[in-house]
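The block underneath contains the structure these notes are about, expressed in structure tokens.
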Amino acid sequence: VRIIIASEMYGSLSSDPIDCLTERNNTPHQDFQDKQFEVIFFTEPLDSNLLQQILTSKNPVYFSAASMIQLIPLLKKTEFSLNDHHFVFFPLDSHPSFQKMKETILEKGVGSKGVLRVRRSLSSESLQYFTETVVSDLFTLSKLYGEIEQVYVKEKNDKDSGFRHLIASVLFRKQVMGHYECTFSPFLEENLYFEWSFQGGVIEWNEKNSNPFIYGSLVKKNLSLNKQSLIQEIINYCQPLTKQVVQQVKEIWEKINGSLPANEIVRGNR
Amino acid sequence: MKIGIMSFAHMHAHSYAQCIQKLDDAVLSAIYDDNGKRGLKAAELYHCKYFSDLDEFLQTDIDAVIICSENSRHREMTVKAAMAKKHILCEKPIATNLKDAWEMIHVCENQGVILQIAFPVRFSEPISRLKKMIDYGDLGEILAIRTTNRGQNPGGWFIDEKYSGGGAVIDHTVHMADIMRWYLGKEVSEVYAHVDTYFHDGDIDDAGLLTLTFENGVIATHDTSWSRCRNFPMWGDVTIEVMGTKGVLAVDAFKEHFCLYSNSDQSLEYKFYGKDMDEGLINDFISCVKEGREPSITGFDGLKALEIALAAYESAKKKQSIFLTT
């Protein structure tokens with residue numbers, strides 16, 4: 001039984017169930033080792049008892065980065081011991097486009113200097129994982145471009161419209177400067193944009209231009225994710241969840257939040 | 001109306017000359033250039049008189065001049081033209097330092113001549129349409145902005161700080177800094193920037209990312225880099241995304257293009273078919289002179305845009321935010 005803990009995916013996965021899957025609310029259950037389930041998705045936050053049960057079971061456990069970040073305080077309290085069947089997956093790193101770009105960048109020479117621009121816009125379902133998403137993406141980028149040496153963060157919120165926009169201006173160790181911007185706006189669709197300009201070339205990818213279904217129209221507007229391929233991506237691109245990874249993610253979290261003293265956060269309508 | 005061009009050091013001079021040639025009510029009548037070969041060639045191309053002596057050039061009956069010299073010479077040329085009572089359209093950036101910019105503004109005010117700064121992006125059709133939508137309140141309260149103005153390394157005097165005042169950051173920040181100020185009617189209060197040299201082997205900056213905060217709390221980003229590779233399908237870009245409480249709109253000033261695929265070294269080219277923003281700029285300047293009205297883009301606009309670019313350099317050097325007086 002594979003256990004996937006990915007609370008931020010609830011919105012994307014709550015429709016079109018596949019037989020081998022079940023979504024599970026955070027109710028105490030003993031049957032997650034039940035052989036009838038190949039994969040169990042936990043799509044709501046866990047309490048410490050259930051987390052301990054899951055961690056001490058022999059099942060492979062896959063945490064999404066956002067879930068893992070949210071569970072860091074709980075993980076510490078639980079006196080857990082991480083072992084080789086605990087994994088974490090980072091949505092950016094699990095995306096096939098990013099994997100291909102990473103491969104191309106490594107071929108072209110990631111060590112070369114350049115300018116990175118990443119822009120993510122979130123769906124309303126993912127909004128509650130806003131900062132977790134930022135931290136997760138910056139962790140993935142730091143694995144490619146080197147440790148974050150300097151980060152400067154600005155954020156703008158508007159309570160009435162629900163708008164939230166974060167700018168992280170980052171200097172990575174490998175002579176890379178970057179703007180990472182994350183936005184929620186009721187007027188923007190969920191999207192990811194990535195551009196890497198280096199000496200002699202530019203790599204650009206825009207999720208909204210990469211749908212193989214070029215155009216058309218359906219009554220049902222939101223096509224559900226293909227869960228099978230999503231699970232395959234999670235399994236393929238996850239990495240061992242170690243205390244070192246937890247620590248590195250925590251440090252980025254602190255850098256982002258530490259860069260946002262209360263008087264620096266400019267909030268609308270105030 | 002008779003127009004003169006002062007120096008063809010900046011490549012935009014050719015575009016402005018071609019724009020004037022299309023007009024019925026203006027004529028390019030004289031060219032001054034201290035580079036004789038370049039000046040003579042331009043005069044031959046545009047069928048007008050060439051002057052190697054600036055004083056002689058300014059004694060002619062031209063009504064207005066367009067200054068397209070190296071950035072560091074804008075002050076000297078503006079002062080001389082203003083003293084000769086010629087109205088002035090000066091290529092951006094207004095100058096390489098704020099002291100020169102203030103002197104240019106004051107001399108023109110004292111001499112009663114127009115000083116307009118060449119920010120043609122204001123005359124891009126989609127950019128100006130977005131301005132109208134903002135003014136009508138279509139986007140609600142503006143909360144954040146994202147901009148880019150990337151290009152290729154122009155080489156020549158542009159990469160000699162003595163003449164240019166700086167590289168990509170001074171060259172490409174001023175356009176979008178002006179557009180953001182224009183859209184918001186507010187000044188930038190804080191600048192944070194990374195500036196470096198990534199794309200060529202010289203010393204001058206060719207990479208820059210700016211994070212700006214406006215006096216009303218709007219936050220913004222700008223990519224000013226000369227990061228487009230030699231065979232990029234177009235010279236560069238001008239883009240802006242404006243996020244508001246009632247909507248989000250993103251504009252690409254050069255989106256109106258078709259793709260040309262070929263077997264040449266440049267296997268893909270974007271062929272722009274939109275409205276020429278330089279024509280809008282030249283038409284506006286000429287009508288300002290004719291009507292004797294305040295220019296739509298003032299010397300002060302040029303100075304404030306320059307101030308942001310200079311603050312970006314200072315921020316990168318000090319690795320901290322620079323706060324500007326608004």
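Just so we're on the same page: letters track the sequence lines, and every chain starts at 1. None of these values were measured; they are calculated from a predicted model.
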Can you tell me which portion of [X] sits under 4.5 Å from chain A's heavy atoms? Options are side chain, backbone, both or neither.
{"X": "B/L249", "answer": "neither"}
{"X": "B/T197", "answer": "backbone"}
{"X": "B/S225", "answer": "side chain"}
{"X": "B/A193", "answer": "neither"}
{"X": "B/Q320", "answer": "neither"}

- [ ] Please test B/M277 against B/F254 for side-chain contact (heavy atoms from CB on, under 4.5 Å), starting from the C-alpha separation and ending with a verdict.
- [x] CA-CA 10 Å; B/M277 55 180 87; B/F254 295 99; 3.5 Å; yes
Would you call the rings of [X] and [Y] parallel, tilted or perpendicular, where under 30° means parallel and over 60° means perpendicular?
{"X": "B/W235", "Y": "B/H172", "answer": "perpendicular"}
{"X": "B/F119", "Y": "B/H175", "answer": "perpendicular"}
{"X": "B/Y273", "Y": "B/F258", "answer": "parallel"}
{"X": "A/F194", "Y": "A/F98", "answer": "perpendicular"}

- [ ] Give a yes or no on this: more than 12 heavy atoms of other residues, nucleotides or ligands lie within 6.0 Å of atom CG of B/D265.
- [x] no
- [ ] State whether the number of non-hydrogen atoms from other residues, nucleotides or ligands found under 6.0 Å of B/K275 atom NZ is greater than 12.
- [x] no
Task: Region of A/E195 in contact with chain B, defined by heavy-atom distances below 4.5 Å - done: side chain
Task: Top contributor to chain B contacts, counting heavy-atom pairs under 4.5 Å, from A/R117, A/H179, A/H165 - done: A/H179
Task: Partner chain B: residue of A/S185, A/P186, A/G114 with the largest heavy-atom pair count (under 4.5 Å) - done: A/G114
Task: Options B/T148, B/V248, B/N231, B/D196, ranked by heavy-atom pairs under 4.5 Å with chain A, top entry - done: B/V248
TODO: Return the option, out of B/R230, B/K319, B/M243, with the maximum number of heavy-atom pairs under 4.5 Å with chain A.
DONE: B/M243
